Amino acid sequence: MRRRRPPRNATLGLIALAVAVVLVFLGFTKDIPFTSPYQVNAVFESANSIRPGAPVRIAGVEVGKVQEIKPREGSDAAEIVMQIDDDGRPIHTDATAKIRPRIFLEGNFFVDLESGSPEAPEVEDGGTLKVTQTATPVQLDQVLTALQSDTREDLKDLLEALAVALTSKPTPAEDRASDPVARGETAAESFNDAYDDIPEAERSTAQVFEAFLGTEPGRDVSRLIDGTARTTAALARNENALQGLITNLNATLGAFASEAGNLRTSIAELPGTLESANGALASLNAAFPPTRAFAREILPGVRETPATIAAAFPWIEQARPLMGPRELGGLARELSPATADFARLTDRAITLLPQTTLLSRCARDVILPTGDVVIQDEFTTGVENYKEFFYTLVGLSGEGQNFDGNGMYVRFQPGGGSQQVSLGSQSSNVGEKFGNNIAVPLGNRPFYPGSRSPYRPDATCYKQRLPELNGPAAAKSAPTGEAAAARAARNSLPLLRAKLRPFGNKSGAKKR
């Protein structure tokens with residue numbers, strides 16, 4: 001068999017170009033060539049800025065598009081050629097057409113077509129709807145020409161102020177008071193950012209509109225319209241009152257304008273307030289069922305309330321004399337001076353109580369722990385030293401019995417010896433005292449360290465360090481001879497710790 005040659009590159013390029021031209025033609029014209037679509041013409045008083053390609057809708061459903069716009073010579077009228085799909089047929093001869101503005105996000109206009117009554121014949125292909133069957137919307141310039149000159153100036157000022165409000169950049173102070181998401185953005189940019197929330201907002205708006213229909217759609221809407229009509233009629237009858245309302249509204253808006261800064265701050269706080277309100281409303285909704293149950297449970301008690309009040313009347317009659325001036329009333333009057341004194345005492349106790357607190361802490365943290373320490377020496381009794389203090393008082397009481405009229409005495413059995421002891425100093429009021437001891441003193445307890453104990457007078461009592469009663473400072477000093485013993489006894493006099501124990505004999509107690 002003879003082998004076929006592959007097509008050339010030029011042939012493939014021509015085929016691809018032809019296919020692309022066909023696709024581009026179909027994409028831009030949206031028509032199938034060599035076909036004749038169904039067309040209807042309509043004459044309008046004005047083309048009203050409608051453009052070729054604008055949609056044609058029946059009951060909100062797009063059934064075609066505007067094919068061409070032809071001006072009518074000698075007038076402002078225009079003839080619009082509409083191409084209608086099969087879904088939009090039939091179009092009857094009594095059909096009507098209106099040019100309406102599209103929604104805000106779509107822009108421009110569209111043709112709102114009503115197909116007419118089924119009894120009327122269908123419009124032929126290329127047929128025309130008369131100008132009496134068409135209508136155009138009222139334009140903004142027509143509205144403005146109907147306004148007075150001063151009203152137009154006010155509207156101009158309003159639009160200029162709106163433009164400034166939408167395009168002006170916020171100041172640093174306004175940025176600090178605004179939400180972080182909107183900082184540095186103009187009002188128009190923030191409004192564009194709000195488009196992200198439009199689906200949720202539209203869904204909520206649809207729910208609100210659905211709620212506006214009421215529980216009985218056939219009657220609630222008619223009642224609303226009837227009430228609105230009565231309100232409008234009342235406003236028409238009371239024109240002077242309406243004028244006063246507008247004047248007061250103008251004054252109110254002027255007051256809002258004078259407080260623009262505060263109003264801006266309040267609006268900035270509104271999101272947080274609404275969030276708090278949502279939480280409060282949710283809590284309130286959650287509280288309704290228990291409240292309803294409580295209301296049902298309390299009904300028997302409420303029914304018994306009249307009988308309870310009637311039964312309380314005798315007790316009230318008896319209690320009234322008790323509350324009178326001769327009884328509790330007089331007592332309250334007599335207690336008034338004591339109440340004033342008690343109030344002054346309470347006021348002064350505010351200063352006393354902190355000092356009492358410091359004293360309690362001192363006793364708890366320093367005095368009581370120190371008193372609970374057991375002194376471990378050759379004279380130990382095995383009990384806490386605060387108990388030994390009271391034992392000493394008992395011994396002093398036994399030593400100081402009063403046997404004559406010379407007063408209280410503490411009696412000791414004196415003795416002599418070859419060891420001279422000196423107590424006190426020549427500079428003291430009583431002078432230096434001397435005595436003799438049989439043996440060399442064994443030492444001093446506590447040992448005199450040559451300096452004062454670590455007491456801090458600038459600190460509070462409960463912060464002081466606890467003394468080490470059994471530590472190195474409490475040890476007994478070693479004897480160093482008569483002179484050393486005399487000097488040690490003289491120097492340790494301020495810190496000498498004496499232990500006296502009663503022996504119960506008639507001649508007195510021994511000194512230890």
Side-chain angles (χ1 to χ4, degrees), residues 104 170 173-183 185 187 190-232 234-235 245 248-249 251-253 255-320 322-323 328 332 339 343 346 350:
F104 177 73
E174 292 173 341
D175 270 343
R176 287 193 298 271
S178 62
D179 190 88
V181 179
R183 289 176 182 173
E185 294 184 350
S190 298
F191 189 75
N192 290 334
D193 295 340
Y195 287 158
D196 298 336
D197 300 328
I198 283 181
E200 292 293 334
E202 292 293 340
R203 188 178 298 108
S204 302
T205 305
Q207 295 174 356
V208 173
F209 286 158
E210 184 179 358
F212 279 159
L213 296 177
T215 57
E216 299 179 3
R219 299 179 58 188
D220 292 341
V221 177
S222 61
R223 290 175 181 175
L224 176 62
I225 295 174
D226 182 61
T228 305
R230 289 197 300 269
T231 303
T232 306
L235 292 175
L245 175 63
N248 294 332
L249 181 61
T252 303
L253 294 179
F256 279 137
S258 63
E259 297 292 338
N262 296 331
L263 186 61
R264 187 181 300 108
T265 304
S266 300
I267 294 175
E269 297 293 336
L270 188 59
T273 305
L274 292 178
E275 292 180 1
S276 300
N278 289 336
L281 292 176
S283 301
L284 188 61
N285 289 334
F288 280 150
T291 305
R292 191 179 298 110
F294 173 74
R296 287 195 299 265
E297 296 294 336
I298 204 175
L299 283 177
V302 173
R303 295 190 185 99
E304 297 294 332
T305 301
T308 304
I309 295 174
F313 283 149
W315 179 84
I316 294 174
E317 291 295 333
Q318 296 179 8
R320 184 177 290 114
L322 179 62
M323 304 297 176
L328 293 180
T339 304
T346 304
I350 296 176

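All residue numbers in this chain count up from 1 along the given sequence. Every value quoted in this text rests on a predicted model; they were computed, and no experiment measured them.
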Note to self: Contact between Ile316 and Phe313 at the side-chain level, heavy atoms closer than 4.5 Å - yes or no?
What the structure shows: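 When only atoms from C-beta onward are counted, Phe313 and Ile316 do touch, with a gap below 4.5 Å.
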Check: Is the backbone N or O of Val302 less than 3.5 Å from a side-chain atom of Thr305, with the two atoms forming a donor-acceptor pair by type?
Finding: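 Judged by distance alone, yes, a pair lies under 3.5 Å.
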Atom [atom1] in [X], atom [atom2] in [Y]: separation rounded to 0.5 Å?
X	Y	atom1	atom2	value
Glu174	Thr265	CD	OG1	9.5 Å
Leu270	Glu275	CG	CD	10.5 Å
Phe294	Thr291	CZ	OG1	8.5 Å
Arg230	Thr232	CZ	OG1	11.0 Å
Glu269	Ile267	CD	CD1	11.5 Å

Check: Of the non-hydrogen atoms in Ala287 and Pro290, which two are nearest, and what is the gap between them?
Finding: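 Of all heavy-atom pairs spanning Ala287 and Pro290, the closest is O-CD, 3.2 Å.
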Next item on the list: Kindly give the heavy-atom pair with the smallest separation between Glu185 and Pro170, and that separation in Å.
Entry: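 Scanning both residues completely, I find the closest heavy atoms to be O-CD, 3.3 Å.
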Next item on the list: Verify the distance criterion only: is there a donor paired with an acceptor across the side chains of Asn262 and Glu259 at less than 3.5 Å?
Entry: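 Asn262 vs Glu259: donor-acceptor pair found between side chains.
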